[in-house]
Undergrad: 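What follows is a structure written as C-alpha cells; I'll ask about it next.
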Amino acid sequence: MQEIEVPVLIVGGGGAGLTSSMLLSQLGVRSLLVSRHPGTSVLPKAHVLNQRTMEIFTELGVAPEIMRRSTPAENMRSTAWYAGVAGAHDGYGRRLGRLEVWGGGYTDPDYIAASPCRTANLPQIRLEPVLKAHAETFPEADIRFNHELLAIEQDADGVTATVLDRGTGEQYRVRSRYLLGADGGRGVGQLVGVDMSGPTNLMRMVSTHMTADLSSYLDDPDVLIRWLVNPDFGGSWASGVLVAMGPDHWGPDSEEWVFHLQFAMDDTDAHDPDKVLTRIRATLGIPDFSPVIHHISPWVMEGVLADEFRAGRVFLLGDAAHRHPPTGGLGLNSAVHDAYNLCWKLAAVLAGRADDVLLDSYGAERRPADAANVEAAVTAAMNHYSIDQALELSPDKTPEANWAEVRPLWEQLPNSEHKRHALNRAIGSQTIEFRHHNVEFGYTYRSSAVIDDGSPAYHPLDPVRLYEPSTKPGHPMPHAWVEREGERVALGTLLHGGQFLLIAGEEGHAWVEAAEKIAAERGLPLRATRVGVLGSDYVDVRCAWLKHRGISADGAVLVRPDRYVAFRSHGAVPDPAQTLRDALDHILATTGED
C-alpha cells in the first residue's frame, strides 16, 4: 500500500479544514487535506462571516473575492418580523418590527471601532469553492476531495491514517505528525473515542433552498432575514424564516432564498418534499407559488460540544468539536477561529520553536469559547418564542383570534400602547443574537499560553452584547489605525504571516531592541515597534491605541500570531530581554535554552 508522509493531515473540506490548509500553507507547513465528498457543500448552510473571521480571511488574501460576492452592506443592515407575506387578510405582509443586525451594515460605531473589516454574508455553497480555489494556490497544500478516511492509528511519534480514493477504490496510508479532524463529526471523533455532550433534538427543522421571484411581495431592501410571524399558524417558529441568498441581487430582488420551517420531532411530513412545498405555499399565502427547488434538507437542532478537543496527536475543529443552532451564525465563524488558534501553534511546534505542550492550550482556550457559542446559539434560538409571547400568539388559538392579537400594532386600539411596547421589548431581547459583539469578537482566553499580569479580573458590562477593547492578557488586541511614512494601516496587519508582535510605548526603545535581539537569536517570527502619538515608529493618529493600550510610554504588550495578548508590562523593567525570554518560554512551553 502506498504511503505518503506529510506534517499535517486534515480530514474535512469545509470551512474549518480549508481554513486550516490555507493557514498552514501561509506558515510554510505542508499539509494534505482529504474529504469524503466529491466537492464542496451543495447546501447554503452557514452564511454570516463576522468581523474576526473577515480579518483572518484578509490575512489569508481571500477576503477580496469573498467581499465581491458577499451581500452588499445596504442589504444586510436589518432583520424584521412580518405578519406573513401575502393573502386575503388586510394584515398580511405588514412589518411588525425591525432590528439592526451585526453592526447594521458597518454603521454601528462599536463595530467600526472594533475592526477594519465589516461583517460579510456569503452562503457556504458559494464560500467553500472560493476557499478551496484559494487553498489550492499554495504549493504547500495537497487538496483531495472524494478521498475518505477509514482508520487512524497513533503512536508516540505520529499518526498513521488509512484513506480510500473513492474514485479508484484504492487505499493508501498517510503518515503525519498531527491530524486535524474537521469532518463535521462524521468519523474522526468516533475513531479516537471522543464523545459529544449537550442537548439534542431541540427542534426538527426543514431548510428549502430555492429560486423564486418574490420581489412583488416583499419590501425593505435592507432586510437580510425575514421572520414570518403568520397569525394563521400561531407564531414565528410555527410559520417560517425567509433568508435572501443572492447571488447577483439581494433584498427583495434576490434570485435565491432559503426557507426554514419547524416541524414536530415525530412529524413525517418533514421528509416529504411535496408536503414541505405545500406548507411553504400556505405559510407565504401564495397558493400558486412554484419555485425551482434546489434542495430540501431536514435536520435536527442541537447544542453539543466535544468532551475533549485533543486526543493524542489528533485535534477536533469546527462541527467535529461543536454543533449548535444556526442562530447568530456562530458555527462557521467558530470553526475558522478554531483553525486560527491552532495552526500557528502547530507551525511553532513543527519548526522546533515550541514544545508539544503548547498544543494543549488549544482545547484550554477554544473549548470554553465554543461552549459559550453553543450556549449563546441555543439561547438565541429559544428566545424567538418571546416574540410570540409578546404578541400573545399561539397555535392553539384560531387564526381569527391570533389576527385580533396583532391588529393593535397598526390600528389604534385600547391596548395598542401595551402591545407595541411589549413587542419592542421582545425584539430588543433579540440583540443576544443580532448584536452579540462580545460573543463573536471579544471572547477571552485563559491558558498556559497567556501570562496573567495581575490586573483586576475582567467583568464585562454585558457578556454578550458589548465588546470592550483591552490589552489585558487573554484579550484580543484592540484595533487602531496607525500611520507610518504617510501610509495608514490597521495595527493588526503587522502580525500578518504568523508573527508575534511586540508593541511598546513611545519610550520603549529597550523593549524593541530586546525583541529584535531575541528574534534573531531564536529564529522567531517576532516583530517589534513603538506606537504612540508622538516620537514613535507608528503614529496613533486617532489615539485609538492610546485609549486602550493599558501601558505607560515605557511599557510593552506582546501579541500572539492569532492576535491575542499574551503578555503585558505596564512600564519599564530592569532587564527587558530576560523578561521577554521568560515570557516567550512560558508561552511556547520551551526550556529557555537558546
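Side-chain atoms are counted along with the backbone in the values below, which use heavy atoms only and exclude waters and symmetry mates. As the structure is a prediction and not an experimental result, all values here were calculated from the model.
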Undergrad: A cation-pi test, strictly: NZ or CZ of R166 under 6.0 Å from the centre of the six-membered ring of F145 and no more than 45 degrees from its axis. Yes or no?
TA: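 Verdict for F145: no cation-pi partner in R166.
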Undergrad: Rounded to the nearest 0.5 Å, what separation is found between the CG atom of D253 and the CG atom of D213?
TA: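 D253 atom CG to D213 atom CG measures 8.0 Å (nearest 0.5 Å).
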Undergrad: Could you walk me through whether E136 and K132 pass the salt bridge (Lys or Arg N to Asp or Glu O under 4.0 Å) test, one step at a time?
TA: CA-CA 6 Å; E136 289 172 335; K132 179 175 180 287; 2.8 Å; yes
Undergrad: Measure the spacing between OH of Y178 and SG of C343 and express it to the nearest 0.5 Å.
TA: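 Y178 OH to C343 SG: 13.0 Å, rounded to 0.5 Å.
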Undergrad: Under a 4.0 Å threshold between the charged nitrogen and the carboxylate oxygen, would E256 count as salt-bridged to R126?
TA: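 Yes.
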Undergrad: Does H294 have more than 12 heavy atoms from other residues, nucleotides or ligands lying within 6.0 Å of its NE2?
TA: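 Atom NE2 in H294 is packed in, count exceeds 12.
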Undergrad: When the aromatic ring centroids of H337 and Y443 are compared, is their separation below 6.0 Å?
TA: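 Ring-ring flag for H337/Y443: true, centres closer than 6.0 Å.
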Undergrad: Out of curiosity, I56 CD1 to Y340 OH, how far, rounded to the nearest 0.5 Å?
TA: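 Nearest 0.5 Å value for the CD1-OH distance: 6.0 Å.
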Undergrad: Would you please test L228 and V85 for side-chain contact (heavy atoms from CB on, under 4.5 Å) and show each step?
TA: CA-CA 7 Å; L228 306 182; V85 172; 3.8 Å; yes
Undergrad: Answer with yes or no after comparing the ring centroid distance for Y172 and H147 against a 6.0 Å cut-off, counting only values under it.
TA: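 Ring-ring flag for Y172/H147: true, centres closer than 6.0 Å.
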Undergrad: Got a donor-acceptor contact below 3.5 angstrom from the S254 side chain to the M245 backbone?
TA: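 Indeed, once roles are kept as given, a pair shorter than 3.5 Å links the two residues.
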Undergrad: Applying salt bridge (charged side-chain N to carboxylate O under 4.0 Å, His left out), can you list everything that pairs with E411, at least two apart in sequence or on another chain?
TA: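 By the salt bridge (charged side-chain N to carboxylate O under 4.0 Å, His left out) rule, E411 matches R407.
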Undergrad: If the plane angle is over 60° it's perpendicular, under 30° parallel, otherwise tilted; pick one for W227 and H384.
TA: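 Aromatic pair W227/H384 classed parallel.
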Undergrad: Do I10 and L24 come within less than 4.5 Å of each other through their side chains, counting heavy atoms only?
TA: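 Yes, their side chains come closer than 4.5 Å.
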Undergrad: Scan side-chain atoms only and decide if T53 and N333 contain a donor-acceptor pair under the 3.5 Å cut-off.
TA: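 T53 vs N333: donor-acceptor pair found between side chains.
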Undergrad: Checking R226 side chain against V223 main chain: does a donor-acceptor pair fall under 3.5 Å?
TA: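 Indeed, once roles are kept as given, a pair shorter than 3.5 Å links the two residues.
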Undergrad: So for atom CD, which belongs to E170, do other residues, nucleotides or ligands contribute more than 12 heavy atoms lying within a distance under 6.0 Å?
TA: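 Incorrect, the count does not exceed 12.
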Undergrad: Can you tell whether the side chains of E405 and K419 come within less than 4.0 Å, N to carboxylate O?
TA: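 K419 and E405: salt-bridged.
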Undergrad: Answer yes or no: is there a side-chain heavy-atom contact under 4.5 Å between Q389 and I387?
TA: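 When only atoms from C-beta onward are counted, I387 and Q389 do not touch, as no gap falls below 4.5 Å.
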Undergrad: Between the side chains of S334 and H322, is a donor N or O closer than 3.5 angstrom to an acceptor N or O?
TA: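 Distance-only check fails for S334 and H322.
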Undergrad: Are S31 and D142 linked by a side-chain donor-acceptor pair shorter than 3.5 Å?
TA: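 Looking only at side-chain atoms, D142 and S31 do not form any donor-acceptor pair under 3.5 Å.
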Undergrad: Has T79 got a side-chain atom pairing as donor or acceptor with I225's backbone, closer than 3.5 angstrom?
TA: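 Yes; judged by distance alone, with no hydrogens or angles, the pair exists.
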Undergrad: Flag the pair I143 / S21 as yes when at least one side-chain heavy-atom distance between them is below 4.5 Å, and no otherwise.
TA: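 In contact.
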Undergrad: For atom CD of E308, decide whether the heavy atoms of other residues, nucleotides or ligands shown that lie under 6.0 angstrom number more than 12.
TA: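 Check fails, neighbour count at 12 or below.
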Undergrad: Whether the side chain of Y362 engages the backbone of D338 through a donor-acceptor N/O pair (distance < 3.5 Å, no angle test) should be reported.
TA: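 No: the side chain of Y362 does not pair with the backbone of D338.
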Undergrad: Go through the steps to decide whether D267 and R204 satisfy the test salt bridge (Lys or Arg N to Asp or Glu O under 4.0 Å), and finish with yes or no.
TA: CA-CA 9 Å; D267 191 341; R204 179 172 295 283; over 6 Å; no
Undergrad: What is the ring orientation for Y92 with W403, classed by angle as parallel under 30°, tilted 30 to 60°, or perpendicular over 60°?
TA: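 The arrangement is perpendicular - the two ring planes meet at more than 60°.
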Undergrad: Quick one: does N373's side chain have a donor or acceptor within less than 3.5 Å of a partner on L330's backbone?
TA: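 It does not hold such a pair.
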Undergrad: Using 4.0 Å as the upper bound for N to carboxylate O, is an ion pair formed by R281 and D288?
TA: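 R281 and D288: not salt-bridged.
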Undergrad: Donor-acceptor pair, distance only, cut-off 3.5 Å: does the side chain of W257 make one with the backbone of T208?
TA: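 Here the side-chain-to-backbone pair does not exist.
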Undergrad: Give a yes or no on whether the backbone of I66 and the side-chain of S70 come within a donor-acceptor separation of less than 3.5 Å.
TA: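 Pair absent, no side-chain N/O of S70 close to backbone of I66.
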Undergrad: Return yes if some donor-acceptor pair links the side-chain N/O of E100 with the main-chain N/O of S78 below 3.5 Å, else return no.
TA: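 No, E100 side chain to S78 backbone: no donor-acceptor pair under 3.5 Å.
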Undergrad: Working to the nearest 0.5 Å, report the span between CD1 of I280 and CZ of F259.
TA: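 Atom-to-atom, I280:CD1 and F259:CZ are 6.0 Å apart.
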Undergrad: A quick test of your reading: do over 12 heavy atoms of other residues, nucleotides or ligands sit less than 6.0 Å from CD of E255?
TA: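 It does: E255 CD has more than 12 such atoms within range.
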Undergrad: Can you find a side-chain donor-acceptor pair between R173 and T162 that sits under 3.5 Å?
TA: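 Side-chain D/A pair, R173 to T162: absent.
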Undergrad: Just checking, any donor-acceptor pair under 3.5 angstrom between side chains of Q430 and S386?
TA: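 There is such a pair between these side chains.
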Undergrad: Can you confirm whether the side chains of D307 and S197 place a donor and an acceptor under 3.5 Å from each other?
TA: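 Result is yes, a qualifying pair exists.
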Undergrad: Assess the side chains of H89 and D232: does a donor N or O sit below 3.5 Å from an acceptor N or O?
TA: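 Absent: no donor and acceptor within the cut-off.
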Undergrad: Quick check on salt bridge (Lys or Arg N to Asp or Glu O under 4.0 Å): which of D219, D222, D220 does R95 satisfy it with?
TA: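 Exactly one option meets the salt bridge (Lys or Arg N to Asp or Glu O under 4.0 Å) with R95, and it is D220.
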Undergrad: Begin from the C-alpha positions of H437 and Y111 and carry the test ring pair (Phe, Tyr, Trp, His ring centres under 6.0 Å) through to its verdict.
TA: CA-CA 8 Å; H437 207 200; Y111 280 70; 3.8 Å; yes
Undergrad: Under the 3.5 angstrom rule, does the side chain of R367 hit a backbone N or O of A369 as a donor-acceptor pair?
TA: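 Judged by distance alone, no pair lies under 3.5 Å.
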Undergrad: Between K275 and D269 (salt bridge meaning N to carboxylate O under 4.0 Å), is one present in this structure?
TA: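 Salt bridge present between K275 and D269.
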Undergrad: Distance-only criterion, 3.5 Å: show the donor-acceptor pairs between side-chain atoms of residues 295-304 and protein atoms not counting sequence neighbours.
TA:
residue, atom, partner, partner atom, Å
W299, NE1, S207, OG, 2.7
E302, OE2, R323, NE, 2.9

Undergrad: Of M67, H47, R69, which is the lone residue that meets side-chain contact (heavy atoms from CB on, under 4.5 Å) with L122?
TA: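 Going through the options one by one, the only one that passes is R69.
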Undergrad: Going by an N to O cut-off under 4.0 Å, is there a salt bridge joining D183 and R36?
TA: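 Between R36 and D183 there is no salt bridge, as every charged N stays at least 4.0 Å from the carboxylate O atoms.
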Undergrad: Quick one: does S115's side chain get under 4.5 Å of F441's, heavy atoms only?
TA: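 In short, these two side chains touch, coming nearer than 4.5 Å.
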Undergrad: Would you say the side-chain atoms of N230 pair up with the backbone N or O of G84, donor to acceptor, closer than 3.5 Å?
TA: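 Between the backbone of G84 and the side chain of N230 there is no qualifying donor-acceptor contact (under 3.5 Å).
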Undergrad: If you count heavy atoms of other groups shown closer than 6.0 angstrom to CD of E153, is the number above 12?
TA: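 No, the 6.0 Å shell around CD holds no more than 12 heavy atoms from other groups.
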Undergrad: So H134 and F138, would you call those rings parallel, tilted or perpendicular, with 30° and 60° as cut-offs?
TA: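 Answer is perpendicular, since the angle exceeds 60°.
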